[in-house]
Number of protein chains: 2
Amino acid sequence: MTEPGTPIRVILADDELLLREAVMTLLALEDGITVLGTAATGAEAVELVRKARPDVAVLDLEMPTQDGIEAAAEIQLIAPGTRVVLLTRHARPAVLRRALDAGVSAFVTKATSVKELPSILRSVASGGRYVDGAVATAALSESNCPLTEREIDVLRESLDGATIRVIAERTHLAPGTVRNYISTAMTKLGAANRVQAARVAWNEGWI
Amino acid sequence: MTEPGTPIRVILADDELLLREAVMTLLALEDGITVLGTAATGAEAVELVRKARPDVAVLDLEMPTQDGIEAAAEIQLIAPGTRVVLLTRHARPAVLRRALDAGVSAFVTKATSVKELPSILRSVASGGRYVDGAVATAALSESNCPLTEREIDVLRESLDGATIRVIAERTHLAPGTVRNYISTAMTKLGAANRVQAARVAWNEGWI
DNA sequence: CTTCGTAGCTGACAAATGTCATTCCGGCGA
DNA sequence: TCGCCGGAATGACATTTGTCAGCTACGAAG
């Protein structure tokens with residue numbers, strides 16, 4: 001993909017200026033890496049990729065307007081040559097799966113050392129893939145999510161405290177059916193109500 | 001507090017290795033600043049302060065075992081000479097108030113530029129105070145929190161989906177009273193249930 | 001073809017929740 | 001001193017929610 005000797009051209013997107021600047025500065029000091037620019041939102045990142053055509057785009061997962069995965073999917077369309085490195089705060093197996101589906105080349109948590117970043121970027125730029133070790137093992141072992149598809153849908157919709165009627169509308173199900181799914185999910189997760197169930201499932205990375 | 005010419009001795013605590021390392025590296029490059037060490041949890045930070053006796057301790061708000069404010073309060077006790085700079089992700093006026101009560105000398109968000117950090121540290125080390133501009137104005141203008149003390153207590157307890165009985169026990173109130181407070185809070189915030197009310201209040205920085 | 005499992009739905013019931021009117025009590029200003 | 005207000009509580013009530021049993025439809029396995 002990138003010939004040896006040619007510097008890797010990188011952009012960096014994160015909504016926290018402190019982290020963005022700090023990492024950018026350190027990456028820029030690195031031999032063989034050129035930082036073309038930074039972005040604070042998903043939309044900005046996509047726009048920057050469109051203009052600058054970097055080899056690698058490092059995207060934070062949690063960003064305003066568009067999260068890292070949505071931005072990654074869009075980047076695949078408009079700049080197939082750009083590899084995406086997804087940066088995330090919490091390592092959640094379900095997110096890893098969505099990220100890989102979106103065509104992300106590397107999955108890195110913020111518990112990674114800055115010193116490892118350059119080699120990850122180089123590896124990705126030359127066509128490699130990288131998945132954070134802890135997340136990878138978690139993804140393998142924690143595939144035993146006890147929830148069914150619909151239970152996950154319903155729980156996800158109830159994360160923001162929506163009422164059952166609203167959840168029913170959003171999932172195109174009957175209210176009674178929603179209550180049944182919530183009920184089974186609650187017993188599976190040992191929760192006292194749907195809010196707690198949603199929290200548990202979220203923490204486990206299942207929704 | 002610190003004589004001119006003497007380097008400022010700093011420690012840095014944040015649970016994200018990436019940010020911790022990156023900021024530490026950049027601070028260490030700065031003239032007149034010595035980084036004595038870093039910590040990943042509140043407890044580690046307190047322990048590090050006890051041993052190293054830094055001039056300034058930069059603490060992230062969100063950390064395991066002890067959040068930055070709890071750690072700051074403890075540091076005031078064991079090392080009164082150490083000034084605390086609180087670093088936070090989201091600028092929330094209520095948190096600012098709690099932080100100032102805990103004796104924090106500076107309140108900085110992660111939307112701050114790394115370049116501003118050294119001057120903030122210097123100012124704090126010489127006895128000054130600093131509050132992030134956006135947060136300060138927000139704290140002044142957003143003093144119009146419509147909730148009363150008890151409503152805030154009750155909403156805070158219901159953030160994790162606790163049942164009314166549990167909230168009543170935790171707040172030492174009668175269940176009916178809890179429901180009344182929740183009800184008034186919900187109407188004030190225009191929410192359909194206590195979960196939404198808690199979310200709204202949280203986003204506004206009121207709890 | 002029958003059986004089984006699963007998705008989806010319904011209805012009934014009990015418990016939890018939200019709403020409202022009302023009461024009691026300790027300040028606090030007029 | 002009186003009256004008003006905010007905190008706390010109670011009781012009654014309607015609504016929402018969680019539980020449970022049972023129904024239909026449909027595809028896969030037997």
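Here is how names work: the chains are called A, B, and so on, in the same order as the sequence lines, proteins then strands, and each is numbered from 1.
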Taking the axis from the first five pairs and the axis from the last five, what angle separates them in the helix from C/dC1-D/dG30 to C/dA30-D/dT1, rounded to 10 degrees? 20°
Atom-pair distance (OH on A/Y181; P on D/dC20), nearest Å: 17 Å
Return the minimal non-hydrogen interatomic distance between A/L17 and B/A111, and the atom names on each side. CD2-O, 3.2 Å
May I have the distance from B/K188 (atom NZ) to C/dG18 (atom P), rounded to whole angstrom? 16 Å
Mind listing the N/O atom pairs, protein and nucleotides 25-27 of chain C, below 3.5 Å?
none

Can you check the B/E151 CD to C/dG18 P distance for me, whole Å? 14 Å
Enumerate, atom names and distances included, each donor-acceptor pair closer than 3.5 Å involving a side-chain atom of residues 153-161 of chain B, sequence neighbours excluded.
| from | atom 1 | to | atom 2 | distance (Å) |
| --- | --- | --- | --- | --- |
| B/E157 | OE1 | B/R170 | NE | 2.8 |
| B/S158 | OG | B/V154 | O | 3.4 |
| B/S158 | OG | B/L155 | O | 2.9 |
| B/D160 | OD1 | B/A162 | N | 3.3 |
| B/D160 | OD1 | B/R170 | NH2 | 3.4 |

Would A/V108 and A/T88 count as a side-chain contact (heavy atoms from CB on, under 4.5 Å) here? Give the steps. CA-CA 6 Å; A/V108 182; A/T88 179; over 6 Å; no
Applying side chain to side chain contact (heavy atoms under 4.5 Å, CB included), name anything that partners B/E169, two or more places apart in sequence or on another chain. B/R165
Between D/dG18 (C1') and A/I182 (CD1): distance, integer Å: 9 Å
Between B/D132 and B/K110, is there a side-chain N and carboxylate O pair less than 4.0 Å apart? no
Spacing between A/N180 atom CG and C/dA7 atom C1', to the nearest angstrom: 11 Å
With a 4.0 Å limit, can you tell me whether A/T148 has a side-chain N or O closer than that to the phosphate oxygens OP1/OP2 of C/dA7? yes
Calculate the interatomic distance between B/M186 atom CE and C/dC20 atom C1'; express it in whole Å. 14 Å
By side chain to side chain contact (heavy atoms under 4.5 Å, CB included), which residues pair with B/D101, not counting sequence neighbours? none
Listed by chain and number, what are the side chain to side chain contact (heavy atoms under 4.5 Å, CB included) partners of A/A71, not counting sequence neighbours? A/V46, A/L59, A/Q66
Non-hydrogen atoms of B/M63 and B/D14 that approach each other most closely: SD-N, 4.0 Å
Does a side-chain N or O from A/R150 land closer than 4.0 Å to OP1 or OP2 of C/dG8, or not? yes
Which pairs pass side chain to side chain donor-acceptor pair (under 3.5 Å) with one or both residues in residues 18-27 of chain A, sequence neighbours excluded? A/E21-B/S113
Which of these, B/V35, B/V114, B/T34, B/I8, sits in a side chain to side chain contact (heavy atoms under 4.5 Å, CB included) with B/L27? B/V35
Can you pull the side chain to side chain donor-acceptor pair (under 3.5 Å) pairs that have at least one residue in residues 38-49 of chain A, sequence neighbours excluded? A/E47-A/R50
Residues touching DNA chain D, which here means a heavy atom under 4.0 Å, drawn from residues 155-178 of chain A: A/T163, A/I164, A/R165
Are A/V95 and A/L61 close enough, and set up right, to give a side-chain contact (heavy atoms from CB on, under 4.5 Å), and what steps lead you there? CA-CA 9 Å; A/V95 176; A/L61 175 60; 3.6 Å; yes
Got a sec, which residues hit side chain to side chain contact (heavy atoms under 4.5 Å, CB included) with B/R179, two or more places apart in sequence or on another chain? B/I164
Output the residues of residues 190-197 of chain A in contact with DNA chain D, where contact means a heavy atom of the residue under 4.0 Å from an atom of the strand; sort by number or write none. A/N193, A/R194
Closest to the B/R179 side chain, choosing from C/dA21, C/dG18, C/dT10: C/dG18
Pairing residues for A/K51 by the salt bridge (Lys or Arg N to Asp or Glu O under 4.0 Å) criterion, not counting sequence neighbours: none
